[in-house]
Amino acid sequence: MRDFLKAESYFIRRDIMFKGISLLFLIASLVLAIWIGGKGGFEIGNLAEPLTIVTPLSLFFYFIIPVYVCFFATEGFEYGSIKVILASGQSRFIYITGKYLSVFKIIIWWILQFTVVFYLAYMIAALIIGTDIGNRNFSADLIQVSRVLGLNILYLSAYAALIIMVGILIKRTASAVVVTFLIIFGDFMISGYFRDASSALLRGISDHALTTQVMKFSGIYVVNSQHIVLTGAKSFMEVVLIPVIIIAISLSVTYISFGKRDIHA
């Protein structure tokens, strides 16, 4: 497993698409920090407050990272490397697990990169113009930010498990990318269009969609002009269980399917 993970890390570091997305997140975090700070005057109530500004932007990740995961999941079939890897003695279980763990590391890296660069750019700009830094609600803001970052990692991991399953089942990158877009935008549309449906079933589906949960814990979910946030143990348990169930089901299907099917790269 360790050798396979090292090989995947080497591939990722040399991957042009990975470098391009990393650059995109870097530029986006810098531009957003200056633009948002410029509009708001770089006011800082406490050291964690700039992070509360960036967390509502987390939906941005869900339109980019799953697409990269799709390419990463299918590259073995596209270039034929999967046959070489399995022929070298790596088991199919290790192959899938290694792919998923590699994606998990990528998710953490991109979230931290975007968040840290935004924070540093915002704080440096604020210090340059002489903004005073307060200390009100520091603990509450820090807890909120930590929760949102952790949930983003969990939900992106759920998307990753789902997309890896799609990639392994379909094998063809072009077809898998199409399905990935359908999953991303389909979930987004379900969350939006079913939200105000007359059917209780459709509203229930919308309320449990991944996009809905992401908007809830990010603090940007609005229904009938009412701002909906996570409150109580039930809502927090629900927001954690949904991605955990998706991860468990997706990986189980992937392991079973990949273990039984012939490899035609």
Side-chain angles (χ1 to χ4, degrees), residues 1-19 21-22 25 61-62 64-113 149-181 183-184 187 210 213-214 239-265:
M1 173 66 80
R2 183 178 298 178
D3 291 338
F4 181 64
L5 288 175
K6 286 182 179 179
E8 290 297 286
S9 296
Y10 178 78
F11 168 79
I12 292 168
R13 289 194 300 269
R14 294 176 61 87
D15 185 20
I16 295 177
M17 188 175 183
F18 173 78
K19 293 179 180 178
I21 295 175
S22 297
F25 283 144
F61 294 119
Y62 295 84
I64 298 176
I65 294 180
V67 177
Y68 178 77
V69 173
C70 180
F71 280 95
F72 185 70
T74 56
E75 57 85 19
F77 296 103
E78 194 74 14
Y79 301 109
S81 61
I82 188 170
K83 284 187 175 181
V84 177
I85 293 170
L86 296 180
S88 68
Q90 299 289 353
S91 70
R92 298 189 181 205
F93 177 84
I94 288 179
Y95 182 84
I96 298 298
T97 305
K99 283 285 183 182
Y100 186 69
L101 291 177
S102 297
V103 166
F104 185 73
K105 291 192 295 184
I106 292 170
I107 290 169
I108 294 176
W109 164 250
W110 275 335
I111 288 179
L112 289 180
Q113 176 196 329
L149 291 177
L151 286 172
N152 270 318
I153 292 172
L154 178 60
Y155 271 74
L156 285 166
S157 298
Y159 266 105
L162 187 59
I163 300 306
I164 287 175
M165 180 189 72
V166 169
I168 295 298
L169 291 175
I170 296 177
K171 299 181 181 179
R172 299 291 182 182
T173 300
S175 302
V177 168
V178 172
V179 175
T180 297
F181 276 114
I183 290 172
I184 297 170
D187 188 74
L210 287 173
Q213 302 302 317
V214 172
V239 82
V240 171
L241 280 178
I242 289 174
V244 169
I245 291 171
I246 290 176
I247 291 171
I249 294 176
S250 298
L251 288 182
S252 296
V253 171
T254 304
Y255 284 127
I256 294 171
S257 173
F258 189 57
K260 293 181 177 180
R261 299 173 66 181
D262 294 331
I263 304 299
H264 299 290

Please tabulate, for the side chains in residues 67-76, all donor-acceptor contacts under 3.5 angstrom to protein atoms that are two or more places apart in sequence or on a different chain.
{"unit_1": "Tyr68", "atom_1": "OH", "unit_2": "Asp15", "atom_2": "OD2", "d": "2.9"}
{"unit_1": "Thr74", "atom_1": "OG1", "unit_2": "Cys70", "atom_2": "O", "d": "2.9"}
{"unit_1": "Thr74", "atom_1": "OG1", "unit_2": "Phe71", "atom_2": "O", "d": "3.4"}
{"unit_1": "Thr74", "atom_1": "OG1", "unit_2": "Thr173", "atom_2": "OG1", "d": "2.8"}
{"unit_1": "Glu75", "atom_1": "OE2", "unit_2": "Lys99", "atom_2": "NZ", "d": "2.5"}

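Scored by the side chain to side chain contact (heavy atoms under 4.5 Å, CB included) test, Ile96 finds Ile168, Thr254, Tyr255, Phe258 as partners (sequence neighbours excluded). With sequence neighbours excluded, the residues satisfying side chain to side chain contact (heavy atoms under 4.5 Å, CB included) with Ser9 are Arg13, Lys105.
Shown here for Tyr155 and Val239, the closest heavy-atom pair between the two residues is OH-O, 2.6 Å. Closest approach of Ala176 and Val166 over heavy atoms only: O-CG1, 4.3 Å. Taking all atoms of both residues into account, the shortest heavy-atom contact from Pro66 to Phe61 is CD-O, 3.6 Å. Closest of all the heavy-atom pairs between Ser102 and Ile12 is CB-CD1, 4.1 Å. Closest approach of Phe104 and Ser157 over heavy atoms only: CD1-OG, 3.2 Å. Taking all atoms of both residues into account, the shortest heavy-atom contact from Val240 to Val244 is O-CG2, 3.2 Å.
Taken from CD1 in Ile163 to CG in Leu156, the straight-line distance is 11.0 Å, to the nearest 0.5 Å. To the nearest 0.5 Å, the span separating CD1 on Ile107 from CG on Leu154 amounts to 10.0 Å. Note that OG1 of Thr180 and CG of Leu162 are 8.5 Å apart. Values are rounded to the nearest 0.5 Å. Taken from CG in Leu169 to OG in Ser257, the straight-line distance is 4.5 Å, to the nearest 0.5 Å. Of the inter-residue distances, the one linking Ile65 atom CD1 with Ile111 atom CD1 reads 5.5 Å to the nearest 0.5 angstrom. Summarising the geometry, atom CD belonging to Gln113 is positioned 11.0 Å from atom CD1 belonging to Ile21; distances are rounded to the nearest 0.5 Å.
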>> side-chain contact (heavy atoms from CB on, under 4.5 Å) for Phe11 and Ser81? Distances and angles first, verdict last.
In response: CA-CA 11 Å; Phe11 168 79; Ser81 61; over 6 Å; no

> Given Trp110 and Phe18, is the ring pair (Phe, Tyr, Trp, His ring centres under 6.0 Å) satisfied, shown in steps?
Replying inline: CA-CA 10 Å; Trp110 275 335; Phe18 173 78; 5.3 Å; yes

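Between the side chains of Asp187 and Tyr159, at least one donor-acceptor pair of N or O atoms lies under 3.5 Å.
Considering only heavy atoms from C-beta on, Leu251 stays 4.5 Å or farther from Thr97 through its side chain. Looking at Tyr95 and Gln90, their side chains never come closer than 4.5 Å, going by heavy atoms from C-beta outward.
Between the side chain of Ser250 and the backbone N or O of Ile247, no donor-acceptor pair lies under 3.5 Å. No donor-acceptor distance shorter than 3.5 angstrom exists from the side chain of Glu8 to the backbone of Gly98, with no hydrogens or angles considered.
Atom CZ of Phe181 has 12 or fewer heavy atoms from other residues, nucleotides or ligands within 6.0 Å.
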